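Proteins get letters first, then strands, A, B, ... in listed order; numbering begins at 1 in each. Quick caveat, the model's predicted, so the values are computed rather than measured.
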Amino acid sequence: GAVVSQHPSRVICKSGTSVKIECRSLDFQATTMFWYRQFPKKSLMLMATSNEGSKATYEQGVEKDKFLINHASLTLSTLTVTSAHPEDSSFYICSAEDVRETQYFGPGTRLLVL
Amino acid sequence: QKEVEQDPGPLSVPEGAIVSLNCTYSNSAFQYFMWYRQYSRKGPELLMYTYSSGNKEDGRFTAQVDKSSKYISLFIRDSQPSDSATYLCAMSAGGGGNKLTFGTGTQLKVEL
């Protein structure tokens, strides 16, 4: 149980394009999902907290107009990186919180912007 | 000072050894403590979840929390090469939608 999926697992895009990453909780409902970014050999950096049916809460320094988050249902949250640039290249990981307030992580999405 | 301190390693041990991983923290509001294992280029996998002080055992893994010392540990018995990964401690004050505060992660290598 407690499986979280992410799609795509890897994406390469041209600078200036937008990329959408999906995060799904497969066997439980998640009122809250989180989006993280991880640089090589570094810990996870929280970008935003996503609550179903309401606007996401962004961490300080994270541009909400650049990283659009939609939590349309209790099992799906999406992160859209708009007008991507090479500095947005990173490993993006989502997590979903179950009713016991335990976070389960997705396998991550590796984004490379050329 | 970081809220959560964790030695980044790398920590190298022979197969079969007992591994001890530790984190210290400064925020006394933390009540929920977790250990995650992360393989290279993968998402973190929840290993242990404990509430408040005490011990919890699951197979070869034992988690200990000492809130009075603000110190948590993860012990791995009979370590295997497949245990080679980065181990992240995480903690929160609790409550729905509560943010996790992570340690930097300890890189562990179990050698044959």
Side-chain angles (χ1 to χ4, degrees), chain A residues 1-7 9-10 21 23-25 28-54 56-60 71 77 90-112, chain B residues 2-11 21-25 27 29-52 56 58 63 65 84-109:
Chain A
V3 178
V4 177
S5 70
Q6 271 183 253
H7 178 79
S9 59
R10 186 180 306 181
I21 303 171
C23 177
R24 292 181 186 273
S25 55
F28 66 100
Q29 293 184 330
T31 305
T32 306
M33 290 184 172
F34 301 83
W35 286 95
Y36 296 84
R37 186 172 177 176
Q38 188 175 34
F39 293 101
K41 298 187 184 291
K42 299 290 185 183
S43 191
L44 288 80
M45 182 188 79
L46 180 65
M47 299 175 65
T49 302
S50 166
N51 291 296
E52 185 264 339
S54 63
T57 302
Y58 290 82
E59 294 299 299
Q60 192 171 12
H71 194 156
S77 177
S90 192
F91 192 48
Y92 292 88
I93 310 175
C94 71
S95 71
E97 186 180 81
D98 70 1
V99 293
R100 295 183 306 148
E101 299 168 5
T102 303
Q103 285 189 39
Y104 296 92
F105 286 83
T109 296
R110 191 159 300 280
L111 171 64
L112 177 61
Chain B
K2 292 180 182 177
E3 271 194 296
V4 180
E5 298 277 0
Q6 184 177 9
D7 186 339
L11 176 63
L21 304 167
N22 312 292
C23 289
T24 59
Y25 63 95
N27 188 344
F30 290 145
Q31 295 197 76
Y32 298 84
F33 304 91
M34 288 132 278
W35 286 95
Y36 289 88
R37 176 176 63 195
Q38 187 175 25
Y39 292 111
S40 181
R41 298 172 180 264
K42 300 290 184 184
E45 171 193 7
L46 180 65
L47 284 178
M48 301 290 281
Y49 176 95
T50 52
Y51 169 71
S52 195
K56 185 173 183 179
D58 184 0
V65 174
S84 299
T86 297
Y87 290 80
L88 296 153
C89 65
M91 45 199 81
S92 76
N98 211 268
K99 295 186 286 188
L100 293 180
T101 301
F102 284 91
T104 52
T106 299
Q107 186 181 352
L108 171 67
K109 185 174 183 181

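Contacts between residues 36-44 of chain B and chain A, counted as heavy-atom pairs separated by less than 4.5 Å, involve Tyr36(B), Gln38(B), Arg41(B), Lys42(B), Gly43(B), Pro44(B).
Heavy atoms of Leu100(B) lying under 4.5 Å from chain A belong to its backbone as well as its side chain.
Among the candidates Leu46(A), Thr102(A), Val4(A), Thr57(A), the residue making the largest number of heavy-atom pairs closer than 4.5 Å to chain B is Thr102(A).
Taking CD of Gln38(A) as the start and OG1 of Thr86(B) as the end, the distance is 8.0 Å to the nearest 0.5 Å.
Judged by distance alone, with hydrogens and angles left aside, the side-chain atoms of Ser43(A) form a donor-acceptor pair with the main-chain N or O of Gly103(B) at under 3.5 Å.
Counting heavy atoms from C-beta on, the side chains of Met34(B) and Gln103(A) never come closer than 4.5 Å.
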